[in-house]
Amino acid sequence: KAKQELAESEFPFGFFILGMKRDAAVFSMDWWNQAWQEGEPGWKFVEAKETLPFDKNLAAVAEILKEDPLKENGHAFVPLCGDSKVVPYLAMKGMKVTCVEGAELALKSLREVINTIPEEAQKRITIIEDDLFKAELPAESVDFIYDTGSLVAIDPSMREEYFNVIQKVSKPGAKCFLEVIYRASDITEGPPHHITLDMVKELYQGWSVGMEENAVEKAKQELADGLPYGFPIMGMKRL
């Protein structure tokens with residue numbers, strides 16, 4: 001057909017037509033529910049250690065940004081939270097916490113974790129049970145985002161859509177903890193998916209983005225200690 005177009009017209013090119021559709025089964029809520037039934041996400045290996053990493057992670061962000069990432073009586077957002085203990089941790093810090101999760105098994109486990117903290121702190125937590133990309137979220141209300149492997153969990157084709165969610169909920173001046181992954185090999189299949197500092201900077205337009213010092217060396221040590229990945233930490237601030 002393209003050759004015929006060249007022969008019959010003055011067009012300098014022939015034109016091929018392609019049709020495309022993103023596979024709805026991949027990274028849908030059904031996909032994630034199945035993933036939770038079959039195993040646990042990689043970041044849980046970090047939380048399974050005796051000492052939870054949250055104080056260390058926030059200290060790393062503070063060092064990167066040169067300021068405390070948490071705001072007194074502020075509002076924290078935890079996208080794709082799973083059953084991470086960071087949700088009750090932030091509530092115990094006095095933060096209002098909004099978290100989003102769609103996987104039923106993760107939500108069941110999360111509620112069990114939340115029920116272990118004082119009722120006053122529990123009341124500061126709002127769980128949104130939905131697909132992150134379809135959920136109704138509070139606009140420009142968030143002071144701090146704790147991304148515990150969410151960006152690297154989604155398909156790379158959805159990263160811009162993910163950034164739009166973060167941009168929508170965050171206030172100017174909002175800060176973000178971002179945990180990415182480091183592999184010893186060049187394998188790029190996921191989740192979790194490979195992402196570099198430069199890729200994050202390109203995605204997060206209008207944010208300052210930095211990485212902790214000696215991040216790769218620390219990640220290599222985490223691999224040596226038996227974790228499935230290294231976990232470099234980035235700190236970000238919306239300008």
Side-chain angles (χ1 to χ4, degrees), residues 43 53-82 84 86-102 124-128 130-182 191-213 215 231-239:
W43 54 260
F54 310 130
D55 287 338
K56 175 180 70 70
N57 290 346
L58 293 179
V61 174
E63 178 62 27
I64 294 166
L65 299 178
K66 305 304 179 187
E67 58 181 299
D68 191 339
L70 299 188
K71 180 180 178 181
E72 188 174 356
N73 299 318
H75 184 189
F77 180 60
V78 187
L80 304 178
C81 61
S84 175
V86 77
V87 174
Y89 169 87
L90 291 170
M92 291 290 288
K93 287 278 188 181
M95 303 282 285
K96 174 185 174 182
V97 184
T98 299
C99 56
V100 183
E101 179 56 61
R124 290 194 282 270
I125 299 172
T126 299
I127 301 173
I128 298 177
D130 204 348
D131 183 325
L132 177 66
F133 302 108
K134 298 177 181 177
E136 291 189 17
L137 301 171
E140 291 196 358
S141 66
V142 169
D143 304 290
F144 177 67
I145 301 102
Y146 195 97
D147 185 331
T148 180
S150 303
L151 179 60
V152 295
I154 62 170
D155 188 79
S157 66
M158 302 170 72
R159 284 173 179 167
E160 187 171 346
E161 194 176 353
Y162 178 86
F163 170 71
N164 290 338
V165 172
I166 300 301
Q167 190 76 355
K168 174 186 175 181
V169 302
S170 61
K171 296 177 181 177
K175 302 169 188 70
C176 178
F177 162 84
L178 174 62
E179 186 175 69
V180 295
I181 65 157
Y182 173 84
H193 297 278
H194 174 72
I195 193 167
T196 66
L197 177 61
D198 286 342
M199 292 163 72
V200 174
K201 287 181 176 179
E202 178 66 24
L203 179 63
Y204 276 75
Q205 295 291 318
W207 291 65
S208 64
V209 181
M211 181 180 278
E212 65 178 335
E213 234 180 292
F231 295 89
I233 293 172
M234 297 185 193
M236 305 186 291
K237 181 178 179 179
R238 182 175 174 181
L239 303 176

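Shown here are the side-chain contact (heavy atoms from CB on, under 4.5 Å) partners of N73, two or more places apart in sequence or in another chain: there are none. Every residue meeting the salt bridge (Lys or Arg N to Asp or Glu O under 4.0 Å) condition with K171, not counting sequence neighbours, appears here in chain and number order: D143. Residues satisfying the salt bridge (Lys or Arg N to Asp or Glu O under 4.0 Å) test with R124, not counting sequence neighbours, are E120. Residues satisfying the salt bridge (Lys or Arg N to Asp or Glu O under 4.0 Å) test with K96, not counting sequence neighbours, are none. V169 meets the side-chain contact (heavy atoms from CB on, under 4.5 Å) test with F77, L137, V142; sequence neighbours excluded. Partners of K237 according to the side-chain hydrogen bond (donor to acceptor under 3.5 Å, both in side chains) rule, which considers only residues two or more places apart in sequence or in another chain, are E67. For T126, there are no side-chain hydrogen bond (donor to acceptor under 3.5 Å, both in side chains) partners at least two apart in sequence or on another chain. Applying the side-chain contact (heavy atoms from CB on, under 4.5 Å) criterion to K56, with sequence neighbours excluded, gives P53, I233. Here F177 pairs with Y146 under the ring-ring contact (aromatic ring centres under 6.0 Å, His included) rule; sequence neighbours left out. Remark: E140 pairs with no residue by the salt bridge (Lys or Arg N to Asp or Glu O under 4.0 Å) rule, at least two apart or across chains.
Looking at every heavy atom in both residues, V61 comes nearest to P69 through CG1-CB, 3.8 Å.
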Would you list the atom pairs, donor with acceptor, under 3.5 Å between side chains in residues 195-210 and any protein atom, with sequence neighbours excluded?
unit_1, atom_1, unit_2, atom_2, d
T196, OG1, M199, N, 3.1
Q205, NE2, E202, O, 2.8
W207, NE1, Q167, OE1, 2.8

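A side-chain donor from one of Y162 and D147 sits under 3.5 Å from a side-chain acceptor of the other.
E101 places a side-chain N or O within donor-acceptor distance of the main-chain N or O of G82, the cut-off being under 3.5 Å. Under the 3.5 Å distance criterion, the side-chain polar atoms of H75 are matched with a main-chain donor or acceptor of S141.
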